[in-house]
Amino acid sequence: MNLRVHAVELRSRANGPGARFVVWFQGCTLGCPGCFNPATHAAGGKGIAVADLAAQIPDDVEGISLSGGEPLQQPEAAAALLDAARARGLSTLAFSGYTLDEIRALPGGPDVLARLDVLIDGRYVASARLASGLRGSANQHIHVLTDRYRRSDVEATPVAEIRIGPTGEVVLTGVNPLKLKR
Ligand code: SF4
């Protein structure tokens, strides 16, 4: 099974509690005005086998985070990747533009939910921009779905992270990567 991937970050501290393997899914049709990552919208690309992606997860991370793009528009691949992560004892978190109730009604949605410790849900609403505590806008909610984390653990996630790679590339991540004021 293939997963269409926009980007991968091996270790991030700005996408959930602790050091996390982050996968930005390619493809999103929700069209939130002011979306922070429009390059993820097109659904093209062949993708990568979930097993190959899972093999990239480092041994020293605490969990995996799914972001987008829209993870729930590839629910089977998302569930398979989450299974691989949980088989290694990793925690699981996803950002989705769908609300929790919408996900429950989506084909494959409950299968993804059953494999998550934390969900941050809802469209990005630019007029309600928040950019803190892992929420992009105030309409979004943090759903703690298991007892692995407390809400305060999730909210303590740094809003920004800058990584400079071995060849000088700069990677900005987090819910407010440029630390812009509201
Ligand atoms: S759901 Fe996320 S990726 Fe999709 S348009 Fe909205 S903010 Fe952008």
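Small disclaimer: the values here were computed from a predicted structure and weren't measured. Order of listing sets the numbers, starting from 1, for every ligand and every atom in it. Because only heavy atoms are used, hydrogens play no part in the values below, and waters and symmetry mates are left out as well, while side chains stay in.
Nearest residue to atom 7 (S) of ligand 1 from Phe95, Phe25, Phe36, Tyr98 is Phe36 (criterion: closest heavy atom).
With 3.5 Å as the limit, one finds no donor-acceptor pair spanning the side chains of Asn37 and Thr40. Side-chain contact annotation: Glu70 with Ser96, donor-acceptor N/O pair under 3.5 Å present.
Within the 4.5 Å cutoff, the side chain of Tyr149 has heavy atoms near those of the Ser91 side chain.
For atom 4 (Fe) of ligand 1, protein N/O/S neighbours under 2.8 Å (waters excluded) are Cys28 SG.
Residues Asp153 and Arg150 are paired through a salt bridge, judged by an N-O separation under 4.0 Å between the basic side chain and the carboxylate. With salt bridges taken as basic N to acidic carboxylate O contacts below 4.0 Å, none links Arg135 and Asp121.
Once rounded to the nearest 0.5 Å, the distance linking CD of Gln56 with CD1 of Ile48 reads 5.0 Å.
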